[in-house]
A.B. asks: 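First the structure, which I've put down as structure tokens, then a few questions once you've had a look.
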Amino acid sequence: MSEKPQNYPKIRIANTAKHKKSDTNPFVKNGKLYFYSPMKLPVLAKLLKVNETEIIKKLFLKGKIVTINNDLTNELIAEVCFDFDFDFELLEIEEDDDDLFNFSAIKDDPKDLVPRSPVVTIMGHVDHGKTTLIDAIRKSNITATEAGFITQAIGAYQRDVNGYKITFIDTPGHEAFTAMRSRGAKVTDIVILVVAADDGVMPQTKEAIDHARAAKVPIIVAVNKIDKVGVNPDKVKNELLAYNVISEEFGGDVIFQEISAKTGQNLEKLLDAIIATAEMLELKANPNRYAYGTVLEARLDRGEGPKATLLIENGTLTNKDFVVAGCAYGKVRRMTNEYNKMLKVAGPATPVQVIGLSEVPEASDQFMAFETEKEAKEIAEKRKQAKILSERQATGGVKLGEIHKQISDDEIIDVNVIIKADNSGSAEAVKASLEKINVKGVNLNVIRATAGTITESDVLLATASNAVIFGFNVRPTANVRDMAERSGIEIRLHRIIYALLEETEAAMKGLLKPELVEKVTGQAEVRQTWQVSRLGTIAGCRVTSGVVKNGQSCRLLRDGVIIYEGEIATMKHGQIDAKETHKGYECGMTLKNYNDIHEGDVIEGHEMVEVKTDVQ
Ligand code: GDP
């Protein structure tokens with residue numbers, strides 16, 4: 001594949017804050033006046049192509065006195081339009097404060113947009129062939145002449161398919177995808193879900209589906225390893241039905257492509273499927289603006305300083321531009337593609353590597369290009385300030401008690417929910433019941449409902465999707481609880497489905513009352529057990545978090561699932577009765593009326609505390 005050298009674009013729209021505001025002049029189109037705010041009479045007269053005195057006279061006859069120097073109110077403008085047979089529309093001035101940090105606010109004029117390449121991420125269960133597929137696609141692209149000196153330099157590359165380019169992001173797996181999303185970056189247009197035909201749908205397959213769904217990104221299923229003898233690719237199709245990933249032949253809209261990443265069989269067909277999906281998405285960008293996009297990865301190179309791989313999402317980047325990436329800024333000193341080839345110019349959906357930044361940005365930071373260093377520096381500094389501020393007040397996910405406050409009359413708020421339950425039947429039951437709750441202004445989306453304990457992956461998905469986690473008969477480990485707390489993710493735990501539903505409905509209606517909420521005081525891991533005829537089973541424990549108290553309410557967890565609920569009957573430090581045991585210390589415990597305690601179980605102490613749920 002040989003690249004045509006591109007020329008520098010002649011004119012580009014700037015990424016400045018002024019850009020959006022500059023265009024607030026009123027205008028007339030197809031007999032309709034569009035205006036932003038009060039305007040002076042001569043401006044209106046000129047736009048409507050009528051005499052100023054004509055307007056003054058008409059208004060005067062209605063008892064309204066205006067002069068040439070007055071600002072006409074919106075009502076007067078409307079009245080004048082009415083008199084002179086013009087339709088009118090008051091346009092809102094977009095605020096410009098946030099676009100330094102959030103370029104999704106930048107809007108292009110539709111007439112400036114041209115089709116752009118799709119950006120694709122490959123996901124799937126471990127060992128199903130993601131890396132092999134990435135390698136196969138990359139290798140199939142390299143021509144004999146280039147093959148000798150090419151080493152893949154950056155974590156993304158473009159594949160040319162008959163003149164049509166597809167951008168692949170290299171890092172397979174949903175961790176990278178979700179980590180990006182949890183930091184606000186949405187770089188992927190299409191997810192390729194690799195499922196090995198000999199293994200079928202596995203836990204990470206399901207997780208990948210959840211992540212793609214939560215990101216509202218279309219999925220193409222690559223049924224891999226069809227070169228293996230005796231595999232049945234149709235089995236994958238049937239299994240995925242249960243997750244609502246439905247192939248076209250079953251009446252759904254998901255493309256399934258059987259492939260062998262190892263032999264290269266049907267690779268071209270998979271690429272065609274990507275192109276077909278991309279065409280439906282009508283992906284567009286404006287090449288005639290200064291570039292912006294996302295940092296895919298960055299590191300410090302000993303010789304060359306900070307090096308960042310950028311995915312240009314919109315606009316054109318040149319090696320003369322100044323770039324802000326996260327809080328770093330600098331002139332693009334050198335720009336290269338995935339084959340280390342120097343580029344002068346790179347357009348939308350192109351991954352490039354740049355050097356010249358003042359410091360190393362973080363993966364998923366947003367970058368923007370500017371004409372002058374002054375602009376870039378100013379914005380980098382503002383971002384730095386904002387970052388310090390936001391770190392001080394990390395907010396995290398949605399809080400159930402705050403849902404009602406967010407509901408407004410004309411907007412529907414989305415509440416994302418993750419359900420974890422002791423078995424898949426109850427996960428489904430909780431999901432179905434939650435989805436039936438109907439409260440005006442709230443749209444409840446269950447983005448995951450599976451069996452098993454609450455894990456770090458759940459908290460990660462919750463962070464990325466701003467979700468609340470419901471645990472039904474399951475508990476998180478102390479580590480997961482800490483992670484959720486740090487990320488500001490709310491975990492709600494229940495044992496009775498009615499209580500869970502009532503609480504959710506009340507929260508949506510804003511009726512959540514100050515209430516008694518259970519607080520876990522600490523957890524202890526059972527290291528050893530002894531049978532003593534007089535006492536039953538004694539559990540030798542080490543407290544792994546918080547404090548566990550003698551006589552307090554407790555539950556026994558096995559693999560995160562509640563096995564017993566009751567009280568701690570006795571607690572001893574050696575031979576001596578103990579009141580409580582703190583993190584890091586050991587104790588012997590017995591449970592009231594319960595003896596089936598195993599090594600590896602967790603005893604969790606809890607008590608009820610009153611909380612205010614902050615509802616107006
Ligand atoms: P990943 O963990 O999803 O990235 O999986 P890998 O790409 O590392 O593949 C796991 C194993 O499956 C490796 O031993 C590959 O050689 C093998 N593999 C991958 N794709 C195919 C295929 O299409 N056919 C066969 N027979 N083996 C494959």
Side-chain angles (χ1 to χ4, degrees), residues 119-142 147 150-159 161 166-181 187-188 190-215 217-240 243 245 247 254-274 296-297 309 338 351 363 450 455-457 460-461:
V119 180
V120 176
T121 299
I122 294 173
M123 299 209 262
H125 194 72
V126 63
D127 277 349
H128 279 201
K130 298 178 293 290
T131 316
T132 313
L133 177 61
I134 287 170
D135 285 349
I137 294 171
R138 190 191 304 145
K139 276 193 205 116
S140 65
N141 197 33
I142 298 171
I150 283 167
T151 46
Q152 174 80 13
I154 61 181
Y157 64 99
Q158 285 200 314
R159 167 71 156 86
V161 186
I166 304 172
T167 305
F168 287 92
I169 296 186
D170 252 7
T171 37
H174 55 252
E175 289 82 4
F177 180 83
T178 312
M180 283 254 173
R181 259 194 4 101
V187 293
T188 303
I190 297 169
V191 164
I192 306 287
L193 181 66
V194 179
V195 189
D198 59 345
D199 205 19
V201 174
M202 298 304 279
Q204 285 166 297
T205 318
K206 294 179 213 161
E207 288 187 7
I209 296 169
D210 291 340
H211 286 287
R213 285 263 162 75
V217 175
I219 296 172
I220 295 174
V221 181
V223 183
N224 192 27
K225 307 199 185 182
I226 54 157
D227 58 293
K228 283 196 159 181
V229 247
V231 295
N232 177 10
D234 282 342
K235 197 170 143 257
V236 174
K237 263 184 213 161
N238 289 327
E239 283 178 356
L240 281 175
Y243 303 97
V245 178
S247 68
V254 179
I255 301 179
F256 278 64
Q257 182 58 59
E258 295 169 14
I259 59 160
S260 166
K262 196 171 175 180
T263 66
Q265 188 186 343
N266 288 347
L267 225 52
E268 295 301 317
K269 284 191 182 160
L270 180 66
L271 297 174
D272 287 344
I274 295 171
L296 292 180
E297 56 189 19
T309 302
E338 61 267 43
T450 50
T455 62
E456 291 182 359
S457 147
L460 203 59
L461 179 63

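Every number for a ligand or one of its atoms is a count from 1 in the order of the listing. This structure is a prediction, so every number in the text was calculated from the model and none was measured.
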A.B. asks: Nearest heavy atom to atom 28 (C) of ligand 1: which of K130, K225, H128 does it belong to?
C.D. replies: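 Looking at heavy atoms only, the winner is K225.
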
A.B. asks: So, 4.0 Å and heavy atoms of H125: is ligand 1 close enough to count as a contact?
C.D. replies: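 It does; at least one heavy atom falls under 4.0 Å.
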
A.B. asks: Dump the intermediate steps for side chain to side chain contact (heavy atoms under 4.5 Å, CB included) on R213 and V245, then the final yes or no.
C.D. replies: CA-CA 10 Å; R213 285 263 162 75; V245 178; 3.7 Å; yes

A.B. asks: In Å, rounded to the nearest 0.5 Å, how long is the span from CE of M202 to CD of E207?
C.D. replies: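 Reported value, rounded in 0.5 Å steps: 12.0 Å.
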
A.B. asks: To the nearest 0.5 Å, tell me how far I192 CD1 sits from I274 CD1.
C.D. replies: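 The CD1 atom of I192 sits 4.0 Å away from the CD1 atom of I274.
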
A.B. asks: Could you say whether the N/O atoms of I226 and ligand 1 ever approach to under 3.5 Å?
C.D. replies: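 Between I226 and ligand 1 (N or O atoms, distance only) the closest approach is not under 3.5 Å.
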
A.B. asks: Would you kindly say whether D199 and H128 are connected by a side-chain donor-acceptor distance under 3.5 Å?
C.D. replies: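 On atom types as modelled, these side chains qualify, holding a pair under 3.5 Å.
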
A.B. asks: Please state which option from M123, Q265, Q204, K262 has its nearest heavy atom closest to atom 22 (C) of ligand 1.
C.D. replies: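 Looking at heavy atoms only, K262 sits closest to atom 22 (C) of ligand 1.
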
A.B. asks: Within the 4.0 Å heavy-atom shell around K228, which atoms of ligand 1 are there?
C.D. replies: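 Those atoms are 26 (N).
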
A.B. asks: Check each heavy atom of T131 against ligand 1 and say whether those closer than 4.0 Å belong to the side chain, the backbone, both or neither.
C.D. replies: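 Under 4.0 Å from ligand 1, T131 contributes backbone and side-chain atoms.
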
A.B. asks: Would you mind finding which of D127, T132, I259 brings a heavy atom closest to atom 15 (C) of ligand 1?
C.D. replies: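 Answer by nearest heavy atom: T132.
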
A.B. asks: So, does Q265 use its side chain to make a donor-acceptor pair with the main chain of I259 at under 3.5 Å?
C.D. replies: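 Looks like no, no N/O pair under 3.5 Å.
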
A.B. asks: Compare every heavy atom of F256 with every heavy atom of V223, then report the nearest pair and how far apart it is.
C.D. replies: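 Smallest interatomic distance, heavy atoms only, reads CG2-CD2, 4.0 Å.
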
A.B. asks: Nearest to atom 23 (O) of ligand 1 by heavy atom, A261, A197, A196, G129: which?
C.D. replies: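 It is A261 whose heavy atom sits nearest to atom 23 (O) of ligand 1.
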
